[in-house]
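Source: prediction; values computed, not measured.
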Amino acid sequence: MNRIAQKQERLGRRRDRVRFAIRSRKARPRLVFNRSNRFLAVQLIDDAKGVTLAHASTMEEAFKSGGTKNKAAAKKLGELMADRILKLGIKQIVLDRRGILYHGKIAEFADAARAKGLEF
């Protein structure tokens, strides 16, 4: 097995381990942060019902003027998603980082969401 395949396998195991631990807390919905090569995306998922409650991404019209994958976009995405979640009447959530280090864009996103009133 080459190094890239090993890294992907380790990331997959870490992602599954974290997701299992998060799903065991059924009282709170799961906020999943995802990134691609061009965009950032977030979904609020209720694992008990298996439905997506809210979503936001940097592909939306609000992000056309600025960048779509920088820290400023992550901060704006955190504020936008926090507003949508608070409109649903939810304050307590669990952040699913999908194995991504809590640094840079994900830290900016989480700090902006916490500043709006969400509790992780």
Option from Leu53, Val42, Val94 for which side-chain contact (heavy atoms from CB on, under 4.5 Å) with Leu31 holds: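 By the side-chain contact (heavy atoms from CB on, under 4.5 Å) criterion, Leu31 pairs with just one of Leu53, Val42, Val94: Val42.
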Find out if a path of hydrophobic residues (ILVMFWY) with successive side-chain heavy-atom gaps under 4.5 Å connects [X] to [Y].
X      : Y      : result
Leu88  : Phe120 : yes
Leu44  : Leu77  : yes
Phe63  : Ile106 : yes
Leu80  : Phe39  : no
Leu101 : Phe33  : no

Please report the closest heavy-atom contact between [X] and [Y], naming both atoms and the distance.
X      : Y      : value
Ala110 : Tyr102 : CB-OH, 3.5 Å
Phe109 : Met81  : CE1-CB, 4.4 Å
Lys64  : Met59  : NZ-O, 3.7 Å
Gly67  : Ala73  : O-CB, 3.3 Å
Ala74  : Glu108 : CB-CB, 4.4 Å

Heavy-atom neighbours of Asn37 CG exceed 12 at 6.0 Å: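 Count not over threshold, so no.
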CZ (Arg15) with more than 12 external heavy atoms under 6.0 Å: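 Yes, the 6.0 Å shell around CZ holds more than 12 heavy atoms from other groups.
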For the [atom1] atom of [X] and the [atom2] atom of [Y], what is their distance to the nearest 0.5 Å?
X      : Y      : atom1 : atom2 : result
Arg14  : Glu9   : CZ    : CD    : 12.0 Å
Lys76  : Ser65  : NZ    : OG    : 5.0 Å
Lys116 : Glu79  : NZ    : CD    : 5.5 Å
Asp96  : Asn34  : CG    : CG    : 9.5 Å
Ile93  : Arg30  : CD1   : CZ    : 12.0 Å
Arg28  : Glu119 : CZ    : CD    : 7.0 Å

Any donor-acceptor pair under 3.5 Å linking the side chain of [X] with the backbone of [Y]?
X     : Y      : answer
Arg84 : His55  : yes
Thr58 : Leu40  : yes
Lys75 : Asp111 : no

Salt bridge present between Arg13 and Asp16 (N-O < 4.0 angstrom):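 Judged by the 4.0 Å cut-off on N to carboxylate O distance, Arg13 and Asp16 do not form a salt bridge.
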